[in-house]
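Remarks on the structure that follows.
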2 protein chains.
Amino acid sequence: MLSDRQQMILNAIVDNYIHSAEPVGSRTISKRDDIGFSSATIRNEMSDLEELGYLEQPHTSAGRVPSTKGYRFYVDNLIQPHLLEEAELGKLKQLFAERILHSEQVVEYTAQILSQLTNYTAIVLGPEIFEHRLKHIQIVPLNETQAVAIVVTHTGRVENKLIDLPEGIGAGEIERLVNLLNGKLTDVPLWQLRQRLYQEISGEMQRHTEQYEEILQFLNNSLTQEEERVYLRGATKILNQPEFRDVDKVKDILELLEQHDQLLNVIGMQGDGLTVRIGQENQLDAIKQCSIITTSYSLGGKPVGMVGILGPTRMEYGKVITVLNHLAEGLSRMLTSQFEK
Amino acid sequence: MLSDRQQMILNAIVDNYIHSAEPVGSRTISKRDDIGFSSATIRNEMSDLEELGYLEQPHTSAGRVPSTKGYRFYVDNLIQPHLLEEAELGKLKQLFAERILHSEQVVEYTAQILSQLTNYTAIVLGPEIFEHRLKHIQIVPLNETQAVAIVVTHTGRVENKLIDLPEGIGAGEIERLVNLLNGKLTDVPLWQLRQRLYQEISGEMQRHTEQYEEILQFLNNSLTQEEERVYLRGATKILNQPEFRDVDKVKDILELLEQHDQLLNVIGMQGDGLTVRIGQENQLDAIKQCSIITTSYSLGGKPVGMVGILGPTRMEYGKVITVLNHLAEGLSRMLTSQFEK
DNA sequence: TTTAGCACTCGATAAGCATGAGTGCTAACA
DNA sequence: TGTTAGCACTCATGCTTATCGAGTGCTAAA
């Protein structure tokens, strides 16, 4: 275990490095107000800390830099509660006050704010409300051969798809089908839809089943499969970091972020609460120089989505964690109050 | 006017520079198979071309580089028809064969292919079908106070929004309203909706107007305003270009591309046909080191959207233009055949 | 009109050197 | 015994200088 003084010094080093982005030397630390030891003493301690794996030295005559293990200890034990500024709190409050009803917009706006507040890249996922229940099905014919199928869930989510109509089908028949579907399937959870669809409907409409095949297919496919909505904001913020002034270093990261389907792997829906993955702890090679902090937000106590921040390992952990906690809490409250009606 | 030989040399220089990214010298040109002159002769001509503003010299002892004017001449007069490879044509064909019905998916996929084929950044806009006509309105109540309003246009586009219901409104009343709206407004072009809405409906339903205010507002606002759909793919391709190996040089470009609402300014819905904007010719400062090639695609002869490529001024103009032309033509054919039913 | 020849320019690369931030170790001190 | 002053040592950084060579412009000959 680290002595109090070692912790104090480690804390000072991480703190300094986070703000300066330069390897920190013993003298810099000894000059700090909160440290009352000479540079020589600090040097000895730093040497020990390096031996223990908490620090690294880019080269002999340079200062020292926290290792992944060092950051990990800092995050787990040393981090100090960060107070948000008035203006920052204001922005968050404003977000929650905003009367945006569609979840997509909330998510998008959240990512925006998050990136603005932290100056890092924000990734926001969800909300995935797993217990979508079917509220309404509608089929609107456009012409002889095409129609739009629309499905509304009880949470207000709307999905739609252009479909081809079976040949020779009439408006009356479509209406009957729609009525039947609505009658039988309202309030059925989406995940049961596949099963119920064929069970209830195709029994009743045996003679038409073939004709309706495509329509049923649509309902079956595009509704039971959850579409993950990921929003990314401030991807280019990483370019402001001095350790990423080299194009080769950022290229992989930006390319990764550009593939939206990869983003899920990046923020990796794992733990429900606050998760910090530091540098090497990340699975993906492209972001082994980065840290990712995520937390989940919930609806009625049940986690439904995630908010996350991607930044350099030399990240303002304290601030980011505070912001994320505030945000997740606010979002949860907002969602819950909105849908509990 | 430039002599034949001058044109030949300018062409060779642009051609070389596009592929090498290095200032080209007289000897390099004289060694080319298609040039039968000594380096000295080339030097004289190059000197003249520089005086005329077609070439620039980074410094005295370097080769020369095309100026904006030089590229312009190249694009307008010298460009040679570019033949696409079998594999490239295949990818395009595959795109058009794809039976994707929703326009958003087509657009997204188009951007993807475009970026893959050219190795530059692709921006795709639309399709904006300006004569959307209303096909169907639906209001699905979710609970006592909320409902989803859904609008379908005759082209199959679906818009939806969560709205608050006026207090004490019943299911029956909503249905009456919806029926009224559908009865009166079907086939009305969206741009007329605002006017017709208040004119026809509010007359008829005077006593309810206040209650329905929000619903009418939704229809009024979110439907008459065209939402531009812009898709961006391959934004990070610019990082492969040797002239953009400096983070400071790409930062502004990537930040611009990140703001989706700015993209319209980038590809700038101007001319209908093929447009090439080279370096300095661009309005936005961030992309004065880039060239943008755009063209429009159409539905039934009427331009409805744009496809564009953003790359360095040192761009493979010939290839990009060919690809864009193919693509626009194919898209137009595809759209037209799909909607003419 | 073309081209061979040659002096000249100037960025890029490398080598040499001074600087200074930072270290590790030792010995003296409280 | 823990702390610190002192000092030799290391090594990245920045500066200067020298060399190299790709490329030019000009002149004179073919």
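Every heavy atom of this structure was used, including side-chain atoms; hydrogens, water molecules and symmetry mates were not. Order of the sequence lines sets the chain letters (A, B, ...), proteins ahead of strands, with each chain counted from 1. From a predicted model like this one, the values you see are computed outputs, not experimental measurements.
- Taking only side-chain atoms of B/Ser61, from C-beta outward, the nucleotide of C/dT9, D/dC11, C/dA4 with the closest atom is C/dT9.
- Between A/Tyr71 and A/Tyr17, the ring planes are tilted. Angles from 30° to 60° get that label.
- Distance B/Gln57 CD to C/dG11 C1': 12 Å, rounded to the nearest Å.
- B/Arg5 has a side-chain polar atom (N or O) that falls below the 4.0 Å cut-off from OP1 or OP2 of C/dT2.
- Rounding to whole angstrom units, CD of residue B/Glu45 and C1' of D/dT24 are separated by 15 Å.
- A close approach under 4.0 Å does occur between a side-chain nitrogen or oxygen of A/Ser26 and OP1 or OP2 of C/dT23.
- The interatomic distance linking B/Ile42 (CD1) with C/dT1 (C1') rounds to 14 Å, in whole Å.
- Rounded to whole angstrom, the span from the CD1 atom of B/Ile13 across to the P atom of D/dT24 amounts to 9 Å.
- Within the nucleic acid shown, B/Thr60 comes within 4.0 Å of sugar-phosphate atoms alone, with no base atom in reach, counting heavy atoms only.
- Using a 4.0 Å heavy-atom criterion, one finds that A/Arg64 contacts the sugar-phosphate atoms exclusively.
- For B/Ile29 and C/dT3, the CD1 to C1' distance is 17 Å, given to the nearest whole Å.
- Smallest separation of non-hydrogen atoms from B/Leu55 and B/Leu10: CD2-CD1, 3.9 Å.
- Between the CG atom of A/Asn44 and the C1' atom of C/dC25 there is a distance of 9 Å, rounded to whole Å.
- Comparing B/Arg43 and B/Pro58 by the nucleotide of DNA chain C whose heavy atom lies nearest to each, the residue mapping closer to the 5' end is B/Arg43.
- At least one side-chain heavy atom of B/Asp246 sits less than 4.5 Å from a side-chain heavy atom of B/Asp248.
- Remark: P of D/dT24 and NE2 of B/His59 are 10 Å apart, rounded to the nearest angstrom.
- If you check the side chains of A/Ser291 and A/Tyr317, you find a donor sitting under 3.5 Å from an acceptor.
- Taking atom CD1 of A/Ile35 as the reference point, atom C1' of D/dT3 lies 15 Å away to the nearest angstrom.
- Defined by atom type and a distance below 3.5 Å, a donor-acceptor pair is missing between the side-chain atoms of A/Arg277 and A/Gln283.
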